[in-house]
There are 2 protein chains.
Amino acid sequence: MPKVTEEHKKKRRREILDVAKKVFIKQGFQATTMSDIVSASNMSRGGVYSYFSTTDEMYKAIIAENDQSFEAYFQNLMQMKSYWNALLIYLDDLERSAYDDVREGFGIVAYEYLVMTWREKERIQFFKDRVDQYIKLFAGLIESGVKREEFHPVQSSEAIALMIINTNDAVYLLSMTVGADKARVKDQVKSLKIYLRYVLQVKHIE
Amino acid sequence: MPKVTEEHKKKRRREILDVAKKVFIKQGFQATTMSDIVSASNMSRGGVYSYFSTTDEMYKAIIAENDQSFEAYFQNLMQMKSYWNALLIYLDDLERSAYDDVREGFGIVAYEYLVMTWREKERIQFFKDRVDQYIKLFAGLIESGVKREEFHPVQSSEAIALMIINTNDAVYLLSMTVGADKARVKDQVKSLKIYLRYVLQVKHIE
DNA sequence: ATATTAAATGACAACAGTGTCGTTTTTTAT
DNA sequence: ATAAAAAACGACACTGTTGTCATTTAATAT
């Protein structure tokens with residue numbers, strides 16, 4: 001084909017990213033070759049290469065989309081009347097997804113990428129930015145709660161935010177590798193709740 | 001050379017493992033080829049192959065040694081009069097090593113391996129066993145504390161143990177990728193202390 | 001000293017994955 | 001219809017890695 005609409009190109013790009021995401025999740029980032037994605041797509045080698053010339057580019061595109069949709073989900077949480085309730089719902093969702101669909105999610109791919117590539121200096125900024133972005137979200141929620149006098153934290157919002165993120169990560173990682181039961185997801189979420197209720201000094205609970 | 005003592009073979013094996021460990025830490029597990037290790041060693045390709053035929057075997061050997069030395073360290077902790085103090089020392093060590101030598105440690109390689117290989121069914125048992133092993137250590141410490149009426153936990157020892165392990169992991173992982181400061185190691189350790197003091201209901205503190 | 005044994009060597013064939021590029025195909029404009 | 005443009009194709013040369021094996025070398029036994 002030839003001189004084609006922008007729309008068509010966007011669609012092609014989408015198709016490739018969808019295929020790539022599936023393949024990444026199924027067999028891991030590093031184990032995925034360009035050839036794998038070419039085979040899984042219904043395009044030719046050259047065709048795929050004209051959109052993305054490395055799996056790394058694909059990863060970056062997918063993770064950006066993922067982060068964006070997490071932000072949307074998070075904005076939704078922020079609409080709630082009670083920020084504590086928002087946190088509880090977040091924790092519920094975490095628990096549920098650890099049981100239900102961790103293994104179908106892109107999360108593990110993100111870990112794999114992180115753990116595999118942190119040695120390359122030029123990527124460190126990328127990771128730092130992502131950490132900041134996520135800290136900002138949760139710290140923002142906490143500070144909003146403080147303004148409304150729902151929370152009276154005994155630690156900095158950032159420290160608490162990071163604890164949430166870290167526990168989230170740990171729960172996901174372990175669930176994926178040894179299963180949600182063995183990872184004691186329920187217990188871990190409960191532990192985080194215990195910690196949060198204490199450090200946030202939550203008023204008007206539940 | 002030829003028909004050589006067991007001792008000599010052990011030494012050779014050691015040499016190879018030492019080299020492999022260095023290379024793994026420097027460039028990551030997956031990025032390390034047999035050829036890399038051959039070059040880094042002062043043996044020939046065939047020589048190395050006669051001891052280990054994959055990097056996977058090397059990894060398994062190294063991680064076993066690592067786990068063993070962690071157990072030794074832990075047994076040491078268990079000798080202390082106060083189990084709470086033992087935990088505090090453990091947390092101190094965690095904090096210190098996150099600042100000082102995370103990047104020289106084998107920990108990140110272990111993550112990489114975990115995250116890269118969990119899809120292979122036959123490895124899941126390996127991971128499960130390791131998790132159990134570590135839970136057992138910490139849960140054991142907690143239970144000893146209970147027997148001595150130092151602790152009066154409000155959660156199961158295993159759940160608490162896992163929270164320690166998870167935080168440990170998260171702190172290491174983040175420290176390595178974005179640095180100990182950005183990972184707010186001090187804060188995270190403090191958070192864990194807060195959590196522990198509450199769930200363990202520690203008596204005779206410090 | 002010499003023979004025996006096996007440890008160690010390194011060249012090599014086989015394989016997997018990459019990136020390119022001349023060719024084909026299809027769309028749009030005329 | 002036809003021409004022009006570029007999207008898509010896929011064969012291919014290239015590179016890096018692996019595992020092997022005939023050969024060399026050195027330790028031990030006699």
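Letters A, B, ... are given to chains in the order of the sequence lines, protein chains preceding strands, and every chain is numbered from 1.
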Check your understanding: Do B:Phe138 and B:Phe74 have their ring centres less than 6.0 Å from each other?
Key ->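 For B:Phe138 and B:Phe74, the ring centres are under 6.0 Å apart.
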Would you mind telling me which of [options] lies closest to the side-chain atoms of [X]?
X       : options               : result
A:Ser44 : C:dT18, D:dA8, D:dG19 : D:dA8
B:Tyr51 : D:dT20, D:dA8, C:dA8  : C:dA8
A:Met43 : D:dC9, D:dT28, C:dT20 : D:dC9

Output the rounded distance in Å from [atom1] ([X]) to [atom2] ([N]).
X       : N      : atom1 : atom2 : value
A:Lys9  : D:dA5  : NZ    : P     : 16 Å
A:Asn42 : C:dT25 : CG    : C1'   : 16 Å
B:Glu57 : D:dT18 : CD    : C1'   : 14 Å
A:Met34 : C:dT20 : CE    : C1'   : 13 Å
B:Tyr49 : C:dA6  : OH    : P     : 24 Å
B:Asp56 : D:dT17 : CG    : P     : 18 Å
A:Glu6  : C:dT28 : CD    : C1'   : 15 Å
B:Arg12 : D:dA27 : CZ    : P     : 11 Å

Review point. Counting any heavy atom closer than 4.0 Å, what does B:Ser50 reach on the DNA or RNA strands: base, sugar-phosphate only, or nothing?
Key: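 Here B:Ser50 touches no strand at all.
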Exercise for review: Look at all strands and tell whether A:Thr33 reaches a base, only sugar-phosphate, or nothing, counting heavy atoms closer than 4.0 Å.
Suggested key: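 Contact class for A:Thr33: sugar-phosphate only.
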Review point. Ion pair present between B:Asp93 and B:Arg96, side-chain N to carboxylate O less than 4.0 angstrom?
Key: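 Counted as a salt bridge, because a side-chain N and a carboxylate O are separated by less than 4.0 Å.
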Point to revise | Value rounded to 0.5 Å, distance of OG in A:Ser175 from CD in A:Glu95 | key: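 So the gap between those two atoms works out to 10.0 Å.
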If the cut-off is 4.0 Å, is [X] near the phosphate of [N], judged by side-chain N/O to OP1 or OP2?
X       : N      : answer
A:Arg45 : C:dC21 : no
B:His8  : C:dA8  : yes
B:Thr5  : D:dA27 : no

Exercise for review: With A:Phe29 as reference, evaluate A:Tyr111, A:Phe106, A:Tyr113 under the ring pair (Phe, Tyr, Trp, His ring centres under 6.0 Å) test and give the passing residue.
Suggested key: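 That would be A:Tyr113; it is the only one of A:Tyr111, A:Phe106, A:Tyr113 passing the ring pair (Phe, Tyr, Trp, His ring centres under 6.0 Å) with A:Phe29.
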Review point. Mapping A:Gly46 and B:Val48 onto DNA chain C by nearest heavy atom, which one lands closer to the 5' end?
Key: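 Its nearest nucleotide lies further toward 5', so the answer is B:Val48.
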Practice item. Please confirm whether the backbone N or O of B:Tyr83 pairs with a side-chain atom of B:Glu150, one donor and one acceptor, at under 3.5 Å? Key: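 Yes.
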